[in-house]
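Chain letters run A, B, ... following the sequence lines, proteins first and then strands; every chain starts at 1. Computed from a predicted model, the values in this text were never measured in an experiment.
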Amino acid sequence: MSGLKEEYIQAKKQLFDHYYRFLNQPQREAVYTLFNPLLILAGAGSGKTTVLVNRIAHMIRFGDAYACDHVPENLSQADVDALKNAVSLPDEEIEPILASMAVNPCPPWRILSITFTNKAANEMKTRLTNRIGEDAGAADIWAGTFHSICGRILRRHAELLGYAQNFVIYDQEDSKKAISTVIKDLNFDESMLQSKAVLSEISHAKDSLIDPLEYLDAVGKDYRLKQIGLIYQEYQKRLKASNAMDFDDMIVQTVTLFRKYPEILSQYQNRFLFVCVDEFQDTNKAQLALTVQLSGGFRNLMVVGDDDQSIYRFRGATIENILTFDKLFPDAKIIKLEQNYRSTKNILQAANEIIKHNQGRHEKRLWTDKGPGSPVHLKEVSDQNAEAMFIVDTIQKGVLRQGRQYKDYAVLYRMNAQSNSIEKGLSRYSIPYRILGGTRFSDRKEIRDAMAYLSLIANHSDNERLQRIINEPKRKIGEKTLTIVHEIALETGQSDFAVMEQSGSYIALSRVSDKLVEFTNMINRLSALAEESSLEMVYEQMLKDTGYRMMLLMGGQEEKERLENLEELKSNIAEYTQNADDPSLNGFLEMSALVADVDKYDESADAVVLMTIHSAKGLEFPIVFLPGMDENVFPSYQAIAYDPSQMEEERRLAYVAVTRAREELYLIHSESRLLFGSTQYNPLSRFAGDIPEEILDEEEKETKDFFSFQSRPIRATEIRKNGPVRSKSMAGESFRTSMEVPKPGASVTHPVFGDGRVISVSKVPADYICEVVFDRVGTKKLLLSKAKLQIKES
DNA sequence: CACGCTCTGCCTGCG
DNA sequence: GCAGAGCGTG
């Protein structure tokens with residue numbers, strides 16, 4: 001009997017293994033391991049998402065069927081044989097057999113799946129629905145970002161924390177403005193405390209769950225930090241007064257809620273049978289605390305990540321979370337996914353050679369059964385224009401001669417400032433491209449203004465938004481008036497808006513009272529309208545009543561573009577109204593705050609993609625260019641000069657960059673580079689130097705070739721809307737250097753100013769500006785073509 | 001109070 | 001190279 005039982009369990013496991021035959025052994029193990037803490041170390045391109053999706057599908061359909069050794073009663077040899085033979089059946093017939101053996105399948109609503117981006121959350125939901133079908137209830141899973149999940153929880157319990165249910169969410173810009181107001185109000189020296197730096201400091205404190213009092217306690221005698229602590233304290237007070245939370249607060253407040261109200265926490269703990277966290281290497285301390293809280297009921301916590309791809313320390317991520325997960329949960333099982341399905345052997349080796357220099361990492365080594373492929377290409381060029389031309393040239397050749405498509409190519413750079421020259425090159429040669437990152441739609445002034453109006457309509461106590469738009473368009477309400485309003489508000493404990501409404505009763509405001517009341521009346525009317533009308537109507541009325549649309553209509557080309565953006569916002573609103581279950585102004589504001597610009601990266605469009613390496617994490621491309629393989633660019637100047645501890649992160653970034661490539665990888669180093677208005681001369685990046693020569697193909701420096709496509713006619717349809725294609729003569733000109741251009745550091749002589757040393761050289765159309773420190777007269781900026789500079793040989 | 005000019009400072013960036 | 005902040009003037 002027990003032999004038969006064994007045989008049955010064996011056959012069952014074999015059938016599951018067969019069903020998951022598209023997975024490798026460790027991947028299957030990850031799918032089967034449902035209980036207790038589990039850490040999956042998923043190397044780049046190791047099929048992480050596939051595992052995540054199949055694991056969740058598995059718990060919903062089969063529960064613990066695989067590991068459980070339950071055996072049906074009255075088991076017969078015939079049953080066991082049938083199970084053994086099922087292996088030869090098609091998958092559609094195997095599924096019901098497996099389902100019939102399900103043990104405690106998990107209802108979807110008891111699963112919590114946390115991701116970092118909305119894009120990842122959506123991809124997860126889509127793939128899961130494809131896997132298990134609509135009816136299985138994939139939509140009932142709590143899947144979302146940390147922030148969207150916290151938002152959901154906080155809306156329910158905001159009152160307990162002293163917030164109204166309709167609290168607003170401040171983004172970085174709002175926070176920065178609020179902080180700079182606080183700095184001014186506290187009369188601190190603004191030159192010592194830049195709002196950006198203070199915000200980042202406060203944000204990091206929040207990431208680590210340090211509240212203002214604890215912060216002040218910890219800083220001791222450090223004068224500046226003490227000031228920051230006081231700013232932090234006041235900032236929090238004002239956020240609450242404005243009924244607002246910033247992004248960090250959303251996590252912190254949720255953790256606080258759970259600490260204060262254990263009975264609420266246990267509701268969630270009892271609900272979530274399984275908790276999964278993706279991109280665990282990018283979590284911060286607060287997020288870890290929240291994760292531990294939420295999974296605390298059943299302790300079935302799975303985290304997935306790759307410590308080698310931790311590249312967000314600068315925004316608070318602590319790689320320690322993933323490095324010490326097994327210390328936090330000593331019974332945690334660790335599964336490593338080391339087989340890479342993406343890249344060729346050479347590319348993978350390059351990546352391994354780069355990352356192996358890092359100290360703090362989980363030991364693992366990616367491997368592939370793919371062939372070696374091409375060597376990694378290393379190209380040296382003279383300047384950023386030649387760099388762009390090399391990219392253009394390579395893409396043209398690939399498309400014309402090898403039947404490549406434009407979308408096979410990606411250009412990944414360290415910083416957005418590098419994109420300019422490449423964009424110019426691509427548009428000049430009519431190569432279709434799309435660029436990700438840079439200024440986002442929601443960051444545009446007109447969009448922020450419109451959103452600020454909507455926020456104010458929803459929540460009158462939002463002082464920050466009020467300040468933003470009170471005088472936009474101009475209403476003759478100046479800084480002085482606002483200061484008085486704000487002072488009264490602070491004294492009387494009201495919102496700025498409330499003070500404005502009653503400005504007639506304050507002598508200091510009597511002269512401007514009419515204007516202020518006119519404004520609050522308008523907002524009040526719009527708020528009333530929002531109660532009864534559609535969102536689109538409120539939006540339209542707002543643009544009209546505030547005079548915002550009129551202001552833009554009076555303007556020129558730039559304003560026209562802004563109007564178009566406002567129209568686009570309107571269609572976003574319409575889209576939201578149609579899709580949301582219960583559309584409301586508050587709902588729209590919440591979505592806009594938490595859902596960054598809908599991913600505009602349309603993978604179907606045939607165009608070269610340009611983005612930063614950071615944004616490329618998680619993506620892959622057949623051919624990848626990495627321009628700017630220069631010291632001081634990548635690794636970045638600040639990592640080298642200011643913070644050597646950042647170097648490991650730069651190295652991980654290099655690892656991420658290299659592992660994006662499937663087939664071909666081009667590293668480009670430029671001898672000189674025009675960046676931030678001055679020319680730099682940097683040696684080859686150390687990361688390129690880490691790649692062994694056997695797998696490297698160093699291409700000759702050859703600049704003449706780049707002009708070979710110049711005569712190609714440019715089709716009008718190919719001209720990008722925001723990148724006017726330059727005339728051919730200009731194109732030629734910008735590459736010609738007839739003057740002798742001094743390099744920074746060169747000694748020069750000027751007929752009037754005498755001897756000096758060049759500190760920077762910047763390119764301007766058809767000329768250069770040299771910044772020179774003269775021995776006698778100090779620093780001068782000179783136009784190279786005009787100033788008769790002589791370069792001294794040294 | 002509004003406008004236009006100069007000055008400055010700059011990496012990466014999800015919610 | 002460019003945007004946002006600061007400053008001076010009408």
Side-chain angles (χ1 to χ4, degrees), chain A residues 114-121 144-151 169-177 180 190-191 194-197 200 203 207 245-251 278-279 282-284 286-287 311-317 384 412-421 424 436-440 442-445 471-482 512 515 590-597 599 611-618 628 632-643 646 649-650 652-654 656-657 674-679 762-765 769:
Chain A
I114 306 176
T115 52
F116 252 78
T117 61
N118 290 296
K119 193 182 166 202
T145 61
F146 273 103
H147 292 89
S148 72
I149 283 158
C150 288
I169 299 163
Y170 279 5
D171 67 14
Q172 250 158 305
E173 198 71 14
D174 300 321
S175 306
K176 216 166 87 187
K177 285 239 168 79
S180 102
E190 289 165 60
S191 61
Q194 286 151 328
S195 57
K196 197 183 164 190
S200 145
S203 173
D207 287 345
M245 290 190 202
D246 64 20
F247 281 125
D248 302 315
D249 279 338
M250 298 192 71
I251 317 287
D278 194 8
E279 304 283 8
D282 292 331
T283 51
N284 58 40
Q287 288 162 334
I311 53 173
Y312 284 112
R313 194 180 77 153
F314 69 91
R315 65 176 200 214
Q384 76 281 349
L412 310 179
Y413 33 79
R414 179 65 179 81
M415 53 189 159
N416 284 309
Q418 287 171 258
S419 70
N420 204 303
S421 56
K424 275 191 203 152
L436 274 85
T439 314
R440 298 189 288 175
S442 54
D443 283 341
R444 309 192 72 97
K445 183 186 180 314
N471 211 21
E472 194 73 40
K474 305 282 176 264
R475 296 192 179 88
K476 309 228 173 219
I477 301 171
E479 205 182 332
K480 215 161 188 179
T481 309
L482 280 179
V512 282
K515 279 178 274 187
E590 164 121 356
M591 187 210 69
S592 309
L594 294 185
V595 180
D597 305 342
D599 274 277
M611 66 180 102
T612 62
I613 300 166
H614 282 92
S615 348
K617 196 174 67 157
N632 295 312
V633 174
F634 191 23
S636 78
Y637 173 67
Q638 29 277 313
I640 296 172
Y642 297 128
D643 186 5
Q646 229 177 289
E649 179 134 319
E650 292 287 312
R652 290 192 291 269
L653 194 57
V656 169
L674 180 63
L675 206 61
F676 297 128
S678 64
T679 304
S762 37
K763 179 86 187 77
V764 292
I769 289 175

For this session: Measure the distance from CG on A/Leu436 to P on B/dC14 and round it to the nearest whole Å.
Result: 10 Å
Exercise. Reckon A/Gln287 touches a base, only the sugar-phosphate, or nothing at all at heavy-atom distances under 4.0 Å?
Worked result: nothing
Exercise. What orientation do A/Phe116 and A/Phe146 show, parallel under 30°, tilted 30 to 60°, or perpendicular over 60°?
Worked result: perpendicular
For this session: For A/Glu649, answer base if it contacts any base atom (sugar-phosphate contacts may also be present), sugar-phosphate if it contacts only those atoms, and nothing otherwise; contact means non-hydrogen atoms under 4.0 Å.
Result: nothing
Exercise. Does the ring of A/Phe314 lie flat against the base of B/dT12, closer than 5.5 Å centre to centre with planes under 30°?
Worked result: yes
For this session: Just call it for A/Asn420: base, sugar-phosphate, or nothing, with non-hydrogen atoms closer than 4.0 Å on any strand.
Result: nothing
For this session: May I ask you to say whether A/Glu472 pairs ionically with A/Lys474, meaning some side-chain N is under 4.0 Å from a carboxylate O?
Result: yes
Exercise. Does OP1 or OP2 of B/dG13 have a side-chain N or O of A/Thr612 closer than 4.0 Å?
Worked result: yes
Exercise. Contact class for A/Ser421 vs. all strands (heavy atom < 4.0 Å): base, sugar-phosphate, or nothing?
Worked result: nothing
Seminar exercise, completed: Taken to the nearest whole Å, CD1/A/Ile114 to P/B/dG15 is 14 Å
Exercise. NZ of A/Lys177 versus C1' of C/dG6: gap in Å, rounded?
Worked result: 15 Å
Problem set entry | Residues A/Lys617, A/Asp282: salt bridge by 4.0 Å N-O rule | yes
For this session: Could you tell me whether the side chains of A/Ser615 and A/Thr612 share a donor-acceptor contact shorter than 3.5 Å?
Result: yes
Seminar exercise, completed: Sequence neighbours excluded, the answer for ring-ring contact (aromatic ring centres under 6.0 Å, His included) partners of A/Phe676 is none
Problem set entry | Sequence-distant partners of A/Asp278, salt bridge (Lys or Arg N to Asp or Glu O under 4.0 Å), two or more places apart | A/Lys48
Seminar exercise, completed: Each base of DNA chain B marked ( ) or [ ] if paired in-strand (Watson-Crick or G-U under 3.5 Å), | if paired to another strand and . if unpaired gives ||||||||||.....
